[in-house]
There are 2 protein chains.
Amino acid sequence: MSNNEVFKALSDPTRREILRLLGLGEMSAGQLTEKFDMTKPSMSHHFAVLKDADLITSRREGQQIIYSLNTTVVQDMVAWMMDFFRHDPNRNNEP
Amino acid sequence: MSNNEVFKALSDPTRREILRLLGLGEMSAGQLTEKFDMTKPSMSHHFAVLKDADLITSRREGQQIIYSLNTTVVQDMVAWMMDFFRHDPNRNNEP
DNA sequence: TAGACTGTTAGGCAACTGTCTAATTATGTG
DNA sequence: CACATAATTAGACAGTTGCCTAACAGTCTA
């Protein structure tokens with residue numbers, strides 16, 4: 001995964017809310033769009049950004065596109081963050 | 001803390017690197033600036049963004065400004081992320 | 001107080017982002 | 001096939017971001 005793309009993806013509140021909703025279970029593009037006061041193309045753009053960052057996956061099911069959280073990448077991300085901020089400057093730099 | 005400001009602050013690679021360096025111990029603005037191929041005003045801007053997000057704190061020491069990681073907010077942030085992504089749709093929503 | 005040193009503020013500019021409308025693609029159904 | 005439904009792609013546009021140079025502000029020392 002590209003850390004930068006992941007952070008860029010997470011920098012928008014709409015996209016974080018999409019991720020939160022997908023954390024509760026997979027949803028179609030249409031169902032997700034209903035939850036926001038935004039046009040379908042705008043939402044579609046956000047889905048694309050999240051997909052590029054590998055934070056979500058998609059599959060077609062008939063006329064609908066079903067989106068799911070990519071839990072692997074999400075967990076990698078959390079692990080990366082914890083490691084990133086592991087050091088505690090108040091404990092005189094012991095590894 | 002405002003989640004949005006924190007995520008916006010984290011969305012830039014330069015700012016993440018500043019945080020990583022401060023994770024190793026506090027540094028002056030000048031010491032930090034040396035580590036990057038960027039002008040002082042640009043770096044100062046990044047410091048301001050990180051301060052607004054409450055990710056770092058600063059104090060004056062003579063002619064220098066010393067920056068430190070705000071470990072409280074950083075830890076809150078990690079905790080928030082873990083909670084945010086705690087749900088696993090592949091494990092049928094058991095708490 | 002003058003000058004050097006350290007850092008921030010102000011203003012400008014190109015590139016990027018998030019939103020919209022209009023058009024297009026893909027699938028399902030009478 | 002013709003039409004409806006679901007979603008994406010294309011293009012435009014305002015607002016934001018990140019960088020720069022120039023100017024300013026605070027601190028120290030002779």
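Values reported hereafter were calculated over all heavy atoms of this structure, with side chains retained and with hydrogens, waters and symmetry mates removed. Just so we're on the same page: letters track the sequence lines, and every chain starts at 1. A quick note: this is a predicted structure, and the numbers were derived from the prediction, not measured.
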Rounding to an integer number of Å, can you tell me how far [X] [atom1] sits from [N] [atom2]?
| X | N | atom1 | atom2 | result |
| --- | --- | --- | --- | --- |
| B:Met38 | D:dC20 | CE | P | 6 Å |
| A:Glu5 | C:dC16 | CD | C1' | 14 Å |
| B:Lys40 | D:dA22 | NZ | C1' | 13 Å |
| A:Asp12 | C:dT17 | CG | C1' | 9 Å |
| A:Arg15 | C:dG18 | CZ | C1' | 8 Å |
| A:Ile65 | C:dT27 | CD1 | P | 9 Å |
| A:Phe47 | C:dT19 | CZ | C1' | 15 Å |
| A:Asp52 | D:dT9 | CG | P | 10 Å |

query = Do NZ/NE/NH1/NH2 and the carboxylate oxygens of A:Arg15 and A:Glu17 come within less than 4.0 Å?
reply = no

request  = Would you mind telling me which residue lines up with the more 5' stretch of DNA chain C, B:Ile66 or A:Thr14, judged by nearest nucleotide?
outcome  = B:Ile66

Given DNA chain C, 5'-ward residue of the pair A:Thr39 and A:Lys8, judged by closest heavy atom = A:Lys8

Does [X] have a side-chain nitrogen or oxygen under 4.0 Å from the phosphate oxygens OP1 or OP2 of [N]?
| X | N | result |
| --- | --- | --- |
| B:Arg60 | C:dG7 | no |
| A:Ser28 | D:dA7 | yes |
| A:Tyr67 | D:dT8 | yes |
| B:His46 | D:dC19 | yes |

inquiry  = When you measure only distances, ignoring hydrogens and angles, does the side chain of B:Gln64 come within 3.5 Å of the base of C:dT6 through a donor and an acceptor?
reply    = no

message = Looking at the base of D:dC28, is there any donor atom on it, or on the side chain of B:Gln63, that sits under 3.5 Å from an acceptor on the other one?
response = no

request  = Mind checking B:Thr33 for me? I need base, sugar-phosphate or nothing, with any heavy atom below 4.0 Å counting as a touch.
outcome  = nothing

query = Hey, does the side chain of B:Ser42 reach the backbone of B:Met38 with a donor-acceptor pair shorter than 3.5 angstrom?
reply = no

task = May I ask you to check whether B:Arg16 and A:Asn4 show a side-chain donor-acceptor distance below 3.5 Å?
result = yes

remark   = d(B:Asp12 CG, A:Phe7 CZ) to nearest 0.5 Å is 11.5 Å

query = So how far is it from B:Met43 CE to B:Leu32 CG, rounded to the nearest 0.5 Å?
reply = 5.5 Å

inquiry  = Quick check for you: among D:dA7, C:dT19, C:dA10, whose closest atom lies nearest to any side-chain atom of A:Ala29?
reply    = D:dA7

key: Side chain of A:Ser42 - closest among C:dT19, D:dT9, C:dT8   = C:dT19

5' priority, DNA chain D, between B:Pro41 and B:His45 [closest heavy atom] = B:His45

